[in-house]
Amino acid sequence: MDTIFIRGLRVETVIGVHAWERQLERPLVFDLELGADTREAASSDRVRDAVDYAAVAETVTRIAKTLQPALLETLAEHLARQLFEDFPIQRLRLVIDKPGAVPDVKQVGVAIERVREDFSACG
C-alpha cells in the first residue's frame, strides 16, 4: 500500500459548540494520508490513473465550508465517507487541528483512521 499525503491544508470555516464560535470563520488545518496502490499511475504517468490530490483538497475544503458542524468528530466522519466514495483509496488517516481552540495549548484536534471496509456495509 502506497501513501499519498496532503499536509497543512488550511480552511476557514464556522465550527464549534459555543454560540460565539459560530459567529465567524476560524481556521482548521487538515493533514491527510491516503492509502492507495499507485503502480498504475506510475506506469501510465496519467493523472486519471492516480488519486488526484487537488480534487481531494477541493473535496475537503467544500465539505468543511458547507457542513459547519459543532464537532470536529462529525466533520472528520463526513470527510472520510465522502473521500472513500469519491476516490480509489483503501485507507485514510485524517488529522484536523483547530488552532486556538484551547488557550495556552499548541494544538487541539482529532485524528481518525478508517479503511474502505468500514463503509462497505453502510452502502
Side-chain angles (χ1 to χ4, degrees):
M1 183 75 57
D2 306 311
T3 301
I4 298 152
F5 62 88
I6 298 171
R7 295 193 181 119
L9 173 61
R10 187 179 174 98
V11 178
E12 298 281 334
T13 191
V14 173
I15 191 162
V17 296
H18 304 290
W20 60 267
E21 289 181 293
R22 306 205 58 82
Q23 299 301 311
L24 63 140
E25 290 186 338
R26 305 175 47 115
L28 296 178
V29 181
F30 297 85
D31 290 334
L32 298 94
E33 293 183 8
L34 310 158
D37 186 342
T38 63
R39 289 177 288 192
E40 186 174 348
S43 176
S44 73
D45 199 30
R46 288 183 281 213
V47 72
R48 74 171 185 231
D49 296 328
V51 174
D52 183 343
Y53 43 81
V56 171
E58 182 180 295
T59 298
V60 171
T61 299
R62 177 180 46 79
I63 291 172
K65 286 189 152 306
T66 58
L67 186 62
Q68 299 183 353
L71 299 176
L72 290 176
E73 293 85 348
T74 302
L75 178 56
E77 196 65 26
H78 274 80
L79 287 169
R81 283 184 182 281
Q82 195 65 56
L83 292 171
F84 279 108
E85 185 174 315
D86 292 353
F87 300 97
I89 60 173
Q90 299 306 310
R91 66 174 167 73
L92 168 70
R93 176 168 165 69
L94 170 64
V95 178
I96 308 173
D97 177 19
K98 187 176 177 185
V102 177
D104 302 320
V105 173
K106 184 177 178 181
Q107 287 183 289
V108 172
V110 64
I112 67 168
E113 294 185 31
R114 300 289 184 271
V115 294
R116 180 166 290 283
E117 291 78 23
D118 291 339
F119 301 105
S120 60
C122 300

Qualifying residues under side-chain contact (heavy atoms from CB on, under 4.5 Å), relative to Asp37, sequence neighbours excluded: Asp2, Arg39

Can you tell me which residue pairs pass the side-chain hydrogen bond (donor to acceptor under 3.5 Å, both in side chains) test with a partner in residues 45-62, sequence neighbours excluded? Ser44-Asp49

Under the rule for salt bridge (charged side-chain N to carboxylate O under 4.0 Å, His left out), what residues qualify as partners of Arg26, not counting sequence neighbours? none

With no hydrogens and no angle check, is any side-chain donor or acceptor of Arg22 less than 3.5 Å from a backbone partner on Gln68? yes

How long is the gap from CD on Glu85 to CZ on Arg116, to the nearest 0.5 Å? 9.5 Å

Hydrophobic clusters here meaning ILVMFWY residues chained together by side-chain heavy-atom distances under 4.5 Å, can you tell me if Leu9 and Leu28 are in one? yes

Checking Ala111 now: which residues fulfil side-chain contact (heavy atoms from CB on, under 4.5 Å) with it, not counting sequence neighbours? Arg93, Val95

Kindly give the heavy-atom pair with the smallest separation between Leu94 and Phe30, and that separation in Å. CD1-CD2, 4.1 Å

To the nearest 0.5 angstrom, please state how far the OG1 atom of Thr13 sits from the CD1 atom of Ile63. 11.5 Å

Do other residues, nucleotides or ligands put more than 12 heavy atoms under 6.0 Å from Glu40 CD? no

Verdict with reasoning, Val11 to Glu25, per side-chain contact (heavy atoms from CB on, under 4.5 Å): CA-CA 9 Å; Val11 178; Glu25 290 186 338; over 6 Å; no

I need the minimum non-hydrogen distance between Met1 and Gly35, along with the two atoms involved. SD-C, 3.3 Å

Would you mind writing out the side-chain donor-acceptor pairs for residues 96-110 within the sub-3.5 Å range, not counting sequence neighbours?
| unit_1 | atom_1 | unit_2 | atom_2 | d |
| --- | --- | --- | --- | --- |
| Asp97 | OD2 | Gln107 | NE2 | 3.2 |
| Lys98 | NZ | Glu21 | OE2 | 2.8 |

About how many Å separate CD1 of Ile15 and CG of Leu72, when rounded to the nearest 0.5 Å? 4.5 Å

Side-chain heavy atoms under 4.5 angstrom apart, residues restricted to Ile, Leu, Val, Met, Phe, Trp, Tyr: same cluster for Val60 and Val29? no

According to a hydrophobic-cluster definition based on side-chain heavy atoms being under 4.5 Å apart (Ile, Leu, Val, Met, Phe, Trp, Tyr only), do Val56 and Ile112 belong together? yes

Applying salt bridge (charged side-chain N to carboxylate O under 4.0 Å, His left out) as the test, list every pair that has at least one member in residues 6-19; sequence neighbours left out. Arg10-Glu12

I want to check something: taking the side chain as every heavy atom from C-beta on, are Arg81 and Arg114 in contact at a cut-off of under 4.5 Å? no

Hydrophobic cluster membership, with links at side-chain heavy-atom distances under 4.5 Å among I/L/V/M/F/W/Y: are Phe87 and Phe119 in one? yes

Separation between CZ of Phe5 and CG of Leu34, rounded to the nearest 0.5 Å: 11.0 Å

Can you name the nearest heavy-atom pair linking Pro88 to Ala36, along with the distance? O-CB, 3.7 Å

Side-chain heavy atoms under 4.5 angstrom apart, residues restricted to Ile, Leu, Val, Met, Phe, Trp, Tyr: same cluster for Val14 and Leu67? no

